[in-house]
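Okay, structure first, notes after.
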Number of protein chains: 2
Amino acid sequence: MRDERRSGCPINLTLEVVGDKWSLLIIRDMIFGNHRHFRELLLKSEEGVSSNILADRLKTLVEQGIIARTDDPSHQQKVIYSLTEQGIELLPILAQMAGWGRKYLPVSEELGIRARLLQEGGPAMWEEFMSELRETHLGVAPRDRGKSGGAPVAERLQAAYEAVVAQRKPR
Amino acid sequence: MRDERRSGCPINLTLEVVGDKWSLLIIRDMIFGNHRHFRELLLKSEEGVSSNILADRLKTLVEQGIIARTDDPSHQQKVIYSLTEQGIELLPILAQMAGWGRKYLPVSEELGIRARLLQEGGPAMWEEFMSELRETHLGVAPRDRGKSGGAPVAERLQAAYEAVVAQRKPR
DNA sequence: TCTGAGTGATTGTGAAATGCAACCAGTTGC
DNA sequence: GCAACTGGTTGCATTTCACAATCACTCAGA
């Protein structure tokens, strides 16, 4: 998986970095679920990644500069994984994938609602979301979000998801 | 690889269909190189796919409805692979990947030029390109391309690539 | 009618990636 | 002191991948 260089094609190179079964799912959980700790990524994963794979991918993603690994000051053993700018900019790829999957594959309603909002919001919403990620992951000072839809994108996505879940399981 | 359904998440489902090392590269060669035959995909591949993998992926992609397999009337054994609408709509994913790879990975100049043009052209150019693909792969009647940049996108990409190659190898 | 190149694959074998479950040493809150 | 929690490791079975050789068939040219 590592140390490859099959060709200098940008698509191929991207696939060699994040083209395996798990890397983009881990990035997804960090972006949309705000999962920042090992056990959080391990246990809250929809798909059930195994711990050795998760450890290996996190290590690789750190080496590639897509995420960063820092100590959690609140606990001597805890570690915080953060997205780098490079990782944040994977969002448009995920958004396009989500849109395509929603159109052509049997997506579940509760997991498709975020994809729908992202698709409707378009690149402008992706940019706004990326700005928010820069605040939470890079510590960048918040720009004033002017003409946006009010609440942060992350909150809007989460609220929509919970609304669908509440509707489907009334009690 | 097949028959999975780890979760109903649109990103996960997309990855289960095209998230392996080769599928998107095959689609790329069909889109950007107009490779339509087995041996063409096999021998002109930058990365050197092996024939059993190629055969397996083509079969899977046909089953998934991303490409179509038809007989070539000019030769009883020849087969033509075409993109379906579903396959054509993978272009934005490839374009985003190309843009990300070009920004962060050691892309070669001659293979990066297409990515640059696609990035500069933006979604409008992608749409135009997809229209052209619908003509060549689906047999859709050409709409008149009005305010576009003149020549078809496919030709512009190819010309730019050849210009770089000619510049780097003067003789 | 022969012959050599071209067609889309298949087969066999070893290497690599993946999946699963158990386990580990150190830390924290009670 | 102790149970729960922390980010991982380890060993082993299964699955996938990679590489090379090969296949049955078709077609154009001599």
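Values in this document were obtained by computation on a predicted structure and should not be read as measured data. In what follows, chains carry the letters A, B, and so on, assigned in the order in which the sequence lines appear, proteins first and then strands, with residues in each chain numbered from 1.
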Looking at [atom1] of [X] and [atom2] of [Y], how far apart are the two atoms once the value is rounded to the nearest 0.5 Å?
X         : Y         : atom1 : atom2 : value
Arg36(B)  : Thr136(B) : CZ    : OG1   : 6.0 Å
Leu25(B)  : Glu16(A)  : CG    : CD    : 8.5 Å
Leu42(B)  : Glu40(B)  : CG    : CD    : 11.0 Å
Leu157(A) : Arg116(A) : CG    : CZ    : 12.0 Å

Whole Å only: how far is the [atom1] atom of [X] from the [atom2] atom of [N]?
X        : N       : atom1 : atom2 : value
Leu42(B) : dC23(D) : CG    : P     : 18 Å
Arg69(A) : dG8(D)  : CZ    : P     : 4 Å
Asp72(A) : dT28(C) : CG    : P     : 11 Å
Glu16(A) : dA17(C) : CD    : C1'   : 15 Å
Arg6(B)  : dT18(C) : CZ    : C1'   : 11 Å
Leu54(B) : dG8(C)  : CG    : P     : 10 Å
Arg57(A) : dT9(D)  : CZ    : P     : 14 Å
Leu58(B) : dA9(C)  : CG    : C1'   : 10 Å

Output the single nucleotide from [options] whose closest atom is nearest the side chain of [X].
X        : options                   : value
Trp22(B) : dA18(D), dG19(C), dT6(D)  : dA18(D)
Ala55(B) : dT10(C), dG8(C), dT6(D)   : dT10(C)
Ile53(A) : dT10(C), dT18(C), dT27(C) : dT18(C)
His37(A) : dA21(D), dG7(D), dT28(C)  : dG7(D)
His75(A) : dT26(D), dG7(D), dT27(C)  : dT27(C)

For [N], does the base pair up with any side-chain atom of [X] as donor and acceptor (N or O, under 3.5 Å, distance only)?
X        : N       : answer
Gln77(A) : dG26(C) : yes
Ser50(A) : dT18(C) : no
Arg39(B) : dG6(C)  : no

Quiz item: Can we say Arg28(A) and Glu46(A) salt-bridge, meaning some charged N sits less than 4.0 Å from an Asp/Glu carboxylate O?
Solution: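 Between Glu46(A) and Arg28(A) there is no salt bridge, as every charged N stays at least 4.0 Å from the carboxylate O atoms.
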
Quiz item: Once you build an axis from the first five pairs and another from the last five of the helix from dT1(C)-dA30(D) to dC30(C)-dG1(D), how far apart in angle are they, to 10 degrees?
Solution: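 Inter-axis angle at the ends, rounded: 20°.
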
Exercise. Group every Ile, Leu, Val, Met, Phe, Trp and Tyr by side-chain heavy-atom contacts under 4.5 Å, then state whether Leu138(B) and Trp126(B) land in the same group.
Key: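 Yes: a chain of side-chain contacts under 4.5 Å links Leu138(B) to Trp126(B).
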
Practice problem: Group every Ile, Leu, Val, Met, Phe, Trp and Tyr by side-chain heavy-atom contacts under 4.5 Å, then state whether Ile88(B) and Ile80(B) land in the same group. | Solution: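 Unlinked, Ile88(B) and Ile80(B) end up in two clusters.
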
Practice problem: Tell me what Asn52(A) touches on the nucleic acid: a base, only sugar-phosphate, or nothing, going by heavy atoms under 4.0 Å. | Solution: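 Since a base atom lies under 4.0 Å of Asn52(A), the category is base.
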
Quiz item: Closer than 4.0 Å, any side-chain N/O of Gln76(A) to the OP1 or OP2 of dT28(C)?
Solution: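 So the side-chain polar atoms of Gln76(A) do come within 4.0 Å of the phosphate oxygens OP1 or OP2 of dT28(C), strictly under.
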
Quiz item: Around Arg134(A), counting heavy atoms of other residues, nucleotides and ligands shown, do more than 12 lie under 6.0 Å from its CZ?
Solution: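 Yes, CZ of Arg134(A) has more than 12 neighbouring heavy atoms, counting only those of other groups under 6.0 Å.
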
